[in-house]
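Computation of the quantities below employed the complete heavy-atom set of this structure, encompassing side-chain atoms and omitting hydrogens, waters and symmetry-equivalent molecules. The chains referred to below are lettered A, B, ... by the order of the sequence lines, with proteins before strands, and numbering in each begins at 1. Since this is a predicted model, take the numbers as computed values, not measurements.
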2 protein chains.
Amino acid sequence: MELTKRQKEVLEFIKKVQRASAQTPSLREIARHFGFGSMTAAADHVRALKRKGVLEGSPRRARSLKILSPWENLRRPVVDIPVYGEIPAGFADERQQEAKGCISVDVKSLGIGPTARTFALQVKGDSMIGKHILEGDYVILEQGSIPRSGDVVAALIDQESTLKTFVLQEGNPVLKAENPRYPTLVPVHELMIQGVMVGLIRKVE
Amino acid sequence: MELTKRQKEVLEFIKKVQRASAQTPSLREIARHFGFGSMTAAADHVRALKRKGVLEGSPRRARSLKILSPWENLRRPVVDIPVYGEIPAGFADERQQEAKGCISVDVKSLGIGPTARTFALQVKGDSMIGKHILEGDYVILEQGSIPRSGDVVAALIDQESTLKTFVLQEGNPVLKAENPRYPTLVPVHELMIQGVMVGLIRKVE
DNA sequence: CCATAACCTGTTCATTTGAACAGTTACACG
DNA sequence: CGTGTAACTGTTCAAATGAACAGGTTATGG
């Protein structure tokens, strides 16, 4: 069944509040927002929206409305990934200070767990062009995973975080730059690897 | 200040419930989950978490707890971008049905406005390898912007959405595939262009 | 030894909140 | 003309809920 104009407005308001505060408005708050003299008006609309299958809520439970729109149920929880300029060795838990910014992406798109230690680096230079990683790209990395041969990793070289490809060469782990102009091969010390690439975000223009 | 073990457990429980039901548990629900005989125990922990700055909540408001991620102050509003398998011509406003999924990213990372008509396509094949776009990548596009020469666009060719590079060749707009194996040049009909690429999201592995 | 904090029990109280009841107005439809 | 439905007003009620009060135990550090 189609939603009426008013019902769409109410639904939009609920969505808006949920995004702004991560909380559903109460019936009285809905009524106040639309200037209703009575909260029954809001309750009527919510009941209609429930009947039409776009809202869901546990009975007698405060602020329990949940949007079931075909779009909304595709949503995944969003994680905040800190973007570092460079990563000093050690990588303590509390490093908010050094964060240059923050990227928010839904978990599913990158296939990362909310508990994982995930961070991002903005790529400088074109040393990873062979892996189709460009200057300015944000590379999402996970700390602690074990790199497989061919994985892109962030490594600490000369006090600076650099992206390299992790390769097993005749059984020995080495780091390789993905650019013919920098054919550097570096032997791996365990502690140098700060994270393994799990995703990438590129902004064009 | 550091969180105690118990406080971490309570925080984890709140996170878990929020992920599962998109709703904060009430104090009594927290108490019940941990087997507390009194809800004051839960209230104490919540108060401690608030004091330590990881939780926030409006007073006297039901289920209003909100987790403050350390990067909270860096967060930007998140937009939901529908992912289409293919885009039929016309591109009506209400196309949620066709959406295959949904990507949520913060506005800032991609530099897109919340009002813009943005959508995503998952790349099939390696026809855009020359622009460092790989198979499986999600390309974020904006409908309605005017492409400049060199921009990547989604075009409708043979009833299917395809990614091409938009090029002005001797003054005439043509679409070019970025792969030597497909050197196709197609003259541009205005209506064929469905969106201009503004970003890219790649999931590794 | 004493202060402090974490962690808990048990209870009461004022608000918040969803739900229900009793109506009203306007409008589309047969 | 009646009938139904959307969209309201105004009010009452009981359950849900956060907050506060009055303690009790244990550990930690000065």
query = Has the side chain of B/Asp44 got a donor or acceptor atom sitting under 3.5 Å from an opposite partner on the base of C/dC7?
reply = no
query = Do A/Arg32 and A/Glu29 meet the salt-bridge criterion of a basic N to acidic O distance under 4.0 Å?
reply =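 Result for this pair is no, no salt bridge flagged.
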Length of the [atom1]-[atom2] vector between [X] and [N], whole Å:
| X | N | atom1 | atom2 | value |
| --- | --- | --- | --- | --- |
| B/Met39 | D/dA19 | CE | P | 9 Å |
| A/Leu49 | C/dG18 | CG | P | 15 Å |
| A/Glu29 | C/dT17 | CD | C1' | 10 Å |
| A/Phe36 | C/dT17 | CZ | P | 18 Å |
| B/Glu56 | D/dG18 | CD | P | 16 Å |
| B/Lys8 | C/dC7 | NZ | P | 11 Å |
| A/Leu3 | D/dT5 | CG | P | 17 Å |
| A/Gln7 | D/dA6 | CD | P | 7 Å |

Whether [X] contacts [N] is assessed here as follows: a side-chain N or O lying under 4.0 Å from the phosphate OP1 or OP2. Is that the case?
| X | N | answer |
| --- | --- | --- |
| A/His45 | D/dA7 | yes |
| B/Thr40 | D/dC21 | no |
| B/Thr4 | C/dC7 | yes |
| B/Arg47 | D/dG18 | no |
| A/Arg51 | D/dA6 | yes |

Which nucleotide wins on minimum distance to the side chain of [X], given the candidates [options]?
| X | options | value |
| --- | --- | --- |
| A/Arg61 | D/dT17, D/dC8, C/dA19 | D/dT17 |
| B/Ser38 | C/dT9, D/dA19, D/dT17 | C/dT9 |
| A/Arg6 | C/dT9, D/dT17, D/dC8 | D/dC8 |

ask   = Taking the inter-plane angle between the rings of A/Phe13 and A/His33 on a 0 to 90° scale, is it parallel (under 30°), tilted (30 to 60°) or perpendicular (over 60°)?
value = parallel
Going by heavy atoms in the side chains, are [X] and [Y] under 4.5 Å from each other?
| X | Y | answer |
| --- | --- | --- |
| B/Leu68 | B/Leu55 | no |
| B/Met197 | B/Ile133 | yes |
| B/Arg202 | B/Leu134 | yes |

Touch check for [X], heavy atoms < 4.0 angstrom, all strands: base, sugar-phosphate only, or nothing?
| X | result |
| --- | --- |
| B/Arg60 | base |
| B/Arg63 | sugar-phosphate |
| A/Ala41 | base |
| A/Arg28 | base |

query = Where each residue is assigned the nucleotide of DNA chain C containing its nearest heavy atom, which of B/Lys52 and A/Gln23 is assigned the position nearer the 5′ end?
reply = B/Lys52
request  = Using heavy atoms to find the nearest nucleotide of DNA chain C for A/Arg32 and B/Ala48 separately, return the residue whose nucleotide is more 5′.
outcome  =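 Nearest nucleotide further toward 5': that of B/Ala48.
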query = For B/Ala177, does its backbone N or O pair with a side-chain atom of B/Thr165 as donor and acceptor, under 3.5 Å?
reply =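 No, B/Thr165 side chain to B/Ala177 backbone: no donor-acceptor pair under 3.5 Å.
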